[in-house]
Structure formats: structure tokens, C-alpha cells
Number of protein chains: 2
Amino acid sequence: MSALNPSLSVDCVIFGLDTKEQSLKILVYERDIFPDENSGNKNLKFPGSLVANDESLDESAYRVLKELTGLKNICLKQFRAFGDPARIKYDEEREWSERHYGVKIDRVVTIAYYALIRIDEHNPDQKLIKDKLRWINIDDSDNLAFDHSYILAKSREALQQDFIFQNVMAFELLPKKFTLQQLQSMYELILGSTFDKRNFRKKIGKAEYIVPLGEKQNGVAHKPAMLYSFEKEKFEAGREGITTFFI
Amino acid sequence: MSALNPSLSVDCVIFGLDTKEQSLKILVYERDIFPDENSGNKNLKFPGSLVANDESLDESAYRVLKELTGLKNICLKQFRAFGDPARIKYDEEREWSERHYGVKIDRVVTIAYYALIRIDEHNPDQKLIKDKLRWINIDDSDNLAFDHSYILAKSREALQQDFIFQNVMAFELLPKKFTLQQLQSMYELILGSTFDKRNFRKKIGKAEYIVPLGEKQNGVAHKPAMLYSFEKEKFEAGREGITTFFI
DNA sequence: TTTGTTAGTGTTATTTTTACACTTACTTAA
DNA sequence: TTAAGTAAGTGTAAAAATAACACTAACAAA
């Protein structure tokens, strides 16, 4: 890898869907810049790093994610660049960065990516987890390092828009076999709204790429639910231009 | 202005709606790198420049746009960063850039913005126009400089998505007083599809922020059309979260 | 006064959306 | 073995949105 460019970084907002807890979390990296107990989340940042001069932005994002979290085979999506000259807020942060990367840091523009994964499937490297990485609930994530709270807000908007428009990733989030209730609550978590059960199922019924497996849950203390799976081929096939416009 | 950062640039894709010609154009800046007559559009690039170290990306985009085109008071939207290390394709391009900016150019990541304006309202600086700037039809814009054809393709996608989701800019594109036919053809041009006249008008009828002025066109060689205007306040008011999802 | 041109309008059939409540099948604990 | 608890699963009717479709009206110019 060639030299790191001191003006360019990538940051990865990894949304993790916790199907058990029914919550949406983010993966953060912990540093020890602010020793104060009451420093809130100021020590927490998204996994990110400077970009090497010979790699593309996408390559950089995947590399950095793998190096810092061990995560691979997940789909990162670039959603925006952040370049306020004052996005490094504290001297301590600048000093930490300079120590960490071994270069003089002036102003850094970061290219932000997000991904949406299932926590119980894509486990970050366990060793790293203990040391440095944590899943935190998205609702407990005020006041992150740098401008990372702002980045988080923007990433959520991007996620929701993309999710509505092209719910591709949706099915990466569920087990191969899933129940309609799991599917619905995934939609609700990500879009931050709720749907009527019957209407939701009616809509799902029309999607020929969501197929019942004729197989049921077992071991549950209630009526067992039918299991479904997602057929990627059928999905891709039926995916054409959307011409709707909203007035 | 402080020093230019040799790793960072902004580029502005300005879409111009030509209501007379009913066409969508882009504003390009002409250089003289490739003297060959048959160099196609290789001399044409979007207005863009390196970012100064003390300005934000947005500030930079507005500054550059104004310096290179004279355009101001238009709304630029950042839509993506482009950072392939090989996006400067030809030696001639690199040399031109180094001469032009007076710095050594290695790899440059560009943050791309787009805007959608009405050609007959926002005129670029006429002097610049003659020398360097041209509106070209979007259909005649293959093989632009650098990776600018790729940037163009991505900007169109972004424009269409944004237009569907938040048709804010829509009304920046029309005269204060407009006819429904003008409105419709703007929609059709941007979204690249056609709509039934009656159904379109039915839909418009429901939008309380599009108000008839009780005033008609005159001097036209046919039945004069009612003029309408767009009421921004009413529009903003009725703008809430969209919860639809597509399955 | 005729011709050419765009404006403007209504209905019907189909599809989509929304709101809403009870029975079924299983486990667990009494 | 029975009762209690829990989530699964299901249908209907009213309202709204969409889609397809063709003629008359008002003006300018020839």
C-alpha cells in the first residue's frame, strides 16, 4: 500500500439489525482520547481511516472495514462526503489522529459509507470487539467523536431513502428462512414506522419472490409460523424502472 | 483564500432546462488540450476546481461555480464523490491540470454537485460563454474529459431520484407564472417519461400549492392557457414524512 | 371565414390503500 | 389434563388512486 493521503479518509457506518432485541445498532470504535468519565460518547467513532494514494474510495472503505473490524463480504454504499474544515472539533482529536496515522493532519474530507447487516450473522472479529469495538444502540449515540453524529444522521436518511427505493439489502438482513413477522419488524425498524399486520401480509402476498417453504417454526410457545425465503432471481427479474412521481 | 488542496476538487454538473427547445442541456467548460479536430468531447469538462484548504465543500462548489460561470443564487446539491486513482485518463489532462492550478497533481478525489436551472433565467456570464462555456445537449455529451461522462450518468440518476422524492427544485425551473403544459413537460423532460394530460392535471388539481392566477396567456395563436403559480409556503407546510414502501 | 393549434374537461373500470377483530396452534405451568 | 398465555393467521368493505380514453373551446394567422 502506498502512502496515506492526509486529506482524505473513509468512514463506515455499520448498521446492525439485532433481530432478537428488535433494535438497530451501530458499530463504533473506542479510543482513549478523553479520559474523563463523563466524556459521553466523545471517545466513540465510526471505523474509518485515511485513504491510500493508490486505492479507490470503495477499495479503501472495504480495506479499512476489514482491518478495523474483520468484517468482509458485506455491501458498503457510499452516501456522502463531509468536508467542513472544522469537523475535527478538539485539539485532542487532531493530536490523536496525528499520532495514530503518523502524519501531519490538517483538514480531512471524509467519504462516508454505510452498510446494513445482521448482527448475529456478520460478527466482527471477536478479539477486536473486546478491545475496541462495540455495538451501541442507535438511540444512545449522541455526541460521537468529530462530526460523526452528523454523519450518523445523514446516513440514516440515506439508508431510509435507499431502502424504500431499492429494498435490495432488505433480505440480506434476514436468515435464509424467515417468518413474515420477522420481515415486518425489519421493515418497521429500518423505516421507523409501523404497519398493519394484515395489510403488510397482503402486500407481501403479491411479491412472487417471497416464497413460503411449506415448513414451520418449531419449539415456539405459540402457533408456529410459516417460514419463507427470498428468491433473488425472481426479485431481480421483476425490478424495472419506477416512474411514479409525487405531487 | 488559502492554498489549494491538490487532492480535492469539486465539480458542478449544471443541468439547464431549455423550455423553448424542450430539451435538457449541460453546461461545459472548454479547454484546448487536444488540438485534434476529431477529439470529440475530450476538451469539455464540467466547471470544477481544486478545493481551498479553508473552505467547506459546499462553499467551494459555490465559489468555483461563480468564478467559472458567473452563476449564483442557484441551489447545488452534493451527490457523490469520485475517487478512482485513474480518473485522470490522459497525460495531457494531468499536464493541463498542473499548469492550470500551478501545483503537482497526483490523485484527485472530486466531490460532485448538480443543479437544475432554467437556461433563460440563469444566464452564465456572457463573456465567459463566448470564450469557454457552452450549453450542450445532454444527448450529445459522450466522451467528456476525465471521468466526466461517468459523473454525468450518476448525476442524472441522482437528479431523477431526488426529483421524485422531493420535487423542490421543480418550481425553480419555471417562470413565476406558468401554464400546466409547461409544468407537465418539465416533469416529462426530467423524468424521461410521458404522462396523460388529464390525469396529470387531476393530480395537480390536488396540490393546493399550485394556484391558478385567474389570468391568461395572451398573444398565442390558440386558446390561451390559464397561468398558475407555485406557493412555496403552502408547499413546505404539506411536506411530511413519506412512509410508502415498495415491495 | 377557414385553418391550424393548443387548452381544457369527465367518466368508468381497475387497482391500491386503509381500517378493523376473531380463531387457531402451540408451550408452559398449574 | 387442563387452563393460561402467546403469536399466527385470516377477510371484508369503504375510500382513494390510477389508467385509459376523445371531444369542444378559444385564439391568431392566412
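Throughout, a chain's letter reflects where its sequence line sits, starting with A, and its residues are numbered from 1. The figures that follow rest on heavy atoms only: side chains count, while hydrogens, waters and symmetry mates do not.
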Checklist line | Contacts of type ring pair (Phe, Tyr, Trp, His ring centres under 6.0 Å), residue B:F82, not counting sequence neighbours | finding: B:Y150
Next item on the list: List in chain and number order the residues that pass side-chain hydrogen bond (donor to acceptor under 3.5 Å, both in side chains) with B:E30, two or more places apart in sequence or in another chain; answer none if no residue qualifies.
Entry: B:R134
Checklist line | Separation of D:dA8 C1' from A:F178 CZ (nearest whole Å) | finding: 16 Å
Margin query: In whole Å, I'd like the distance from the CZ atom of A:F200 to the P atom of C:dT17.
Written below: 13 Å
Note to self: Applying salt bridge (charged side-chain N to carboxylate O under 4.0 Å, His left out) as the test, list every pair that has at least one member in residues 211-223 of chain A; sequence neighbours left out.
What the structure shows: A:K177-A:E215
Item checked: Contacts of type ring pair (Phe, Tyr, Trp, His ring centres under 6.0 Å), residue A:Y113, not counting sequence neighbours -> none
Notebook entry, point to check: Who passes ring pair (Phe, Tyr, Trp, His ring centres under 6.0 Å) against A:F79, sequence neighbours left out?
Noted result: A:Y114
Checklist line | Between D:dA8 (C1') and A:Q181 (CD): distance, integer Å | finding: 10 Å
Margin query: Output the rounded distance in Å from CZ (A:F195) to C1' (C:dT16).
Written below: 15 Å
Margin query: How would you summarise protein contacts on nucleotides 20-30 of chain D per nucleotide, using B for base, S for sugar-phosphate only and - for none, with heavy-atom distances below 4.0 Å?
Written below: BBB--BBBS--
Check: Can you find a heavy atom in the side chain of B:H148 that is under 4.5 Å from one in the side chain of B:L152?
Finding: no
Notebook entry, point to check: Are OP1 or OP2 of C:dT17 and a side-chain N or O of A:K203 less than 4.0 angstrom apart?
Noted result: yes
Notebook entry, point to check: How would you label the contact of B:Q217 with the nucleic acid (heavy atoms, under 4.0 Å): base, sugar-phosphate, or nothing?
Noted result: nothing
Check: Could you give the CD-to-C1' distance, from A:Q184 to D:dG9, as a whole number of Å?
Finding: 12 Å
Margin query: Could you tell me how far apart A:M226 (CE) and C:dC26 (P) are, to the nearest whole angstrom?
Written below: 12 Å
